[in-house]
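Sharing a structure here in structure tokens format.
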Amino acid sequence: MRALTIPAADQSRRYDRAYPGIVQPTISKLVLHSTETSAKWGCPGYSGGASAPTLTIDPWNKRSWQHFPATVSARALLNPSSTAVSENRDNVAQIEIIGYSDERYGKQYGSNLRELPDDGYDYIARTIAWFVTEHEVPLRRPALWPAYPASYGNSPARMSSAQYDTFEGVLAHLHVSGNSHGDVTLDIDRLLANAQALVTGSKGVVSTVEASKVTIARFQRAIGVHDDGIWGTETDKQAKALRNYLVAGRKAGKWDRKRGWRHVFAKGGKGSAKAARRSIQWALGVKADGVWGPKTDAAWLAFRDDALGR
């Protein structure tokens, strides 16, 4: 039986009697929010529980409050009838992090999440690691995680109902279908790496994108092959050859020169190697800095293995 009570969380602000919700069969995703309040004001009241999450975390003062059992549906998301899923009840647990994604108010009142210290990340990571261990939530994130205010409204990161329904991993309010809020702004890769270290003892590469017809087609467009969403022989050859060219210190092989794509990324051509790297990094869901380092290479290998069904 899955654990329902989050360790060390204050249980004095439970709302499951007033708002019993439903017992979800599993927890496959965590939605992170920011309260847009200062840590000096304590835990928000959430209108007596009417808009409460599963858990509130204060990473500044190292406190947390549990409002619903881990598998019981919470109430912090909009749940419009216009969407095909019930956002609050879609096998999801919700975590409100005390602090501001809006940097203007964070600077005015304190608790600016862009300035969250290391021990704050560690404190949040403990709860994420608990959900990974107890409920097998994958340490995976959406490819796009823009900062507020670019994240507000119908941004490119906003998921459709189908995308939200099928996603498994850690996402934010800014991704959820039928909603418009742009929280939460923090370093998600840093947070998930800390959580992974607690689970496995190693800060390895966090998987960001699961291979599917949609994500494979996105990757195919990034490397310039036919985007049919199928990782076949042609895609695999092109991907391996392009990787050999883009990884520092490696040279393009005969096959990729013969294929003729190299001129697109060569100096003086239509683009650059850095632009190519950034395009591929975006498709892989890692930081698009144009540098093909160990994390990008590991993400490429993991994505290829997933696409090949390994």
Can you check side-chain contact (heavy atoms from CB on, under 4.5 Å) on Val176 and His181, steps first, answer last? CA-CA 9 Å; Val176 180; His181 286 201; over 6 Å; no
Checking Thr26 against Asn91: is there a side-chain donor and acceptor pair closer than 3.5 Å?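 Checked: Asn91/Thr26 side chains show no N/O donor-acceptor pair below 3.5 Å.
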Before giving the answer on side-chain contact (heavy atoms from CB on, under 4.5 Å), spell out for Leu186 and Ile97 the whole-Å C-alpha distance, their side-chain angles and the decisive distance to 0.1 Å. CA-CA 10 Å; Leu186 44 64; Ile97 301 169; 3.9 Å; yes
Determine whether more than 12 heavy atoms belonging to other residues, nucleotides or ligands lie under 6.0 Å from atom CG of Asn154.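 Not more than 12 within 6.0 Å, no.
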Would you kindly confirm whether Leu55 and Tyr15 end up in one hydrophobic cluster when ILVMFWY residues are joined by side chain heavy atoms under 4.5 Å apart?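 Different hydrophobic clusters.
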Show the nearest heavy-atom pair for residues Tyr123 and Pro59, with the distance to one decimal.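 For Tyr123 versus Pro59, the nearest heavy atoms are CD2-CA, 4.1 Å.
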Heavy-atom side-chain proximity of Thr37 to Tyr109 below 4.5 angstrom: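 Not touching, per the 4.5 Å side-chain cut-off.
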For a quick test of reading the model, state the closest non-hydrogen atom pair linking Ala8 to Ser64 and the distance between them.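 So the minimum-distance heavy-atom pair works out to O-OG, 4.0 Å.
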Does one side chain, of Ser177 or Glu87, offer a donor that lies under 3.5 Å from an acceptor on the other?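 A donor-acceptor contact under 3.5 Å links the two side chains.
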So, for Ala211 and Asp306, which heavy atoms are closest and what is the spacing to 0.1 Å?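 Between these two residues, the closest heavy atoms are N-OD2, 2.8 Å.
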Is there a path of hydrophobic side-chain contacts, each under 4.5 Å between heavy atoms of I, L, V, M, F, W or Y residues, that connects Tyr152 with Val31?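 The answer is no; the residues belong to distinct hydrophobic clusters.
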Quick one: does Lys40's side chain get under 4.5 Å of Ser111's, heavy atoms only?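 No - every pair of side-chain heavy atoms lies 4.5 Å or more apart.
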Can you confirm whether Ile98 sits close enough to Thr56 that some side-chain heavy atom of one is under 4.5 Å from a side-chain heavy atom of the other?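 When only atoms from C-beta onward are counted, Thr56 and Ile98 do touch, with a gap below 4.5 Å.
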How close do Pro80 and Gly178 get, counting heavy atoms only, and between which atoms?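 That would be CG-O, 3.6 Å.
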Does Arg126 pair with Asp122 as a salt bridge, N-O distance under 4.0 Å?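 Result for this pair is no, no salt bridge flagged.
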Does Gln66 use its side chain to pair, donor to acceptor, with the backbone of Ile6 at less than 3.5 Å?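 Yes: the side chain of Gln66 pairs with the backbone of Ile6.
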Answer yes if Leu191 and Ile27 sit in the same cluster of Ile, Leu, Val, Met, Phe, Trp and Tyr residues linked by side chain heavy atoms under 4.5 Å apart, and no otherwise.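 Yes.
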If you define the side chain from C-beta out and look only at heavy atoms, does anything of Met159 sit under 4.5 Å from Asp165?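 Result no, sub-4.5 Å side-chain heavy-atom pair not found.
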Might you confirm whether atom NZ of Lys213 has over 12 heavy atoms from other residues, nucleotides or ligands at distances under 6.0 Å?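 No, the 6.0 Å shell around NZ holds no more than 12 heavy atoms from other groups.
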Step by step, would you call Arg304 with Trp300 a side-chain contact (heavy atoms from CB on, under 4.5 Å)? CA-CA 6 Å; Arg304 178 174 179 263; Trp300 184 95; 3.4 Å; yes
Taking everything shown except Tyr105 itself, do over 12 heavy atoms lie less than 6.0 Å from its OH?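 Counting neighbours around OH of Tyr105, 12 or fewer heavy atoms of other residues, nucleotides or ligands fall under 6.0 Å, so no.
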Are any non-hydrogen side-chain atoms of His173 and Val184 less than 4.5 angstrom apart?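 A side-chain contact under 4.5 Å is absent here.
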Could you tell me which non-hydrogen atom of Leu171 sits nearest to which non-hydrogen atom of Trp145, and how far apart they are?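 Scanning both residues, the minimum pair turns out to be C-CH2, 3.6 Å.
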Regarding Asn88 and Gln94, is there a side-chain donor-to-acceptor distance under 3.5 Å anywhere?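 Yes, a side-chain donor-acceptor pair sits under 3.5 Å.
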Could you state whether Ile188 and Trp130 fall into the same hydrophobic cluster, counting links through intermediate Ile, Leu, Val, Met, Phe, Trp or Tyr residues with side-chain heavy atoms under 4.5 angstrom apart?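 Looking at the clustering, Trp130 is in the same group as Ile188.
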So, do Tyr100 and Thr185 sit near enough that their side-chain heavy atoms are less than 4.5 Å apart?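 Side-chain contact under 4.5 Å: no.
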Using a 6.0 Å cut-off, check whether atom NZ of Lys62 has over 12 heavy atoms from anything other than its own residue.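 Atom NZ in Lys62 is packed in, count exceeds 12.
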Which atom names give the shortest non-hydrogen contact between Ala70 and Thr54, and what distance separates them?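 Minimum heavy-atom separation between Ala70 and Thr54: CA-CG2, 4.2 Å.
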Please test Ser34 against Tyr148 for side-chain hydrogen bond (donor to acceptor under 3.5 Å, both in side chains), starting from the C-alpha separation and ending with a verdict. CA-CA 11 Å; Ser34 55; Tyr148 183 85; over 6 Å; no
Side chain proximity check, Arg2 to Glu134, heavy atoms < 4.5 angstrom: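 Result no, sub-4.5 Å side-chain heavy-atom pair not found.
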His175 atom NE2, neighbour heavy-atom count above 12 within 6.0 Å: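 Counting neighbours around NE2 of His175, more than 12 heavy atoms of other residues, nucleotides or ligands fall under 6.0 Å, so yes.
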Cluster check Leu301, Trp231: I/L/V/M/F/W/Y, side chain < 4.5 angstrom: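 Leu301 and Trp231: one cluster.
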Take Phe68 and Leu4 through the test side-chain contact (heavy atoms from CB on, under 4.5 Å) and record every step on the way to the result. CA-CA 9 Å; Phe68 297 95; Leu4 301 179; over 6 Å; no
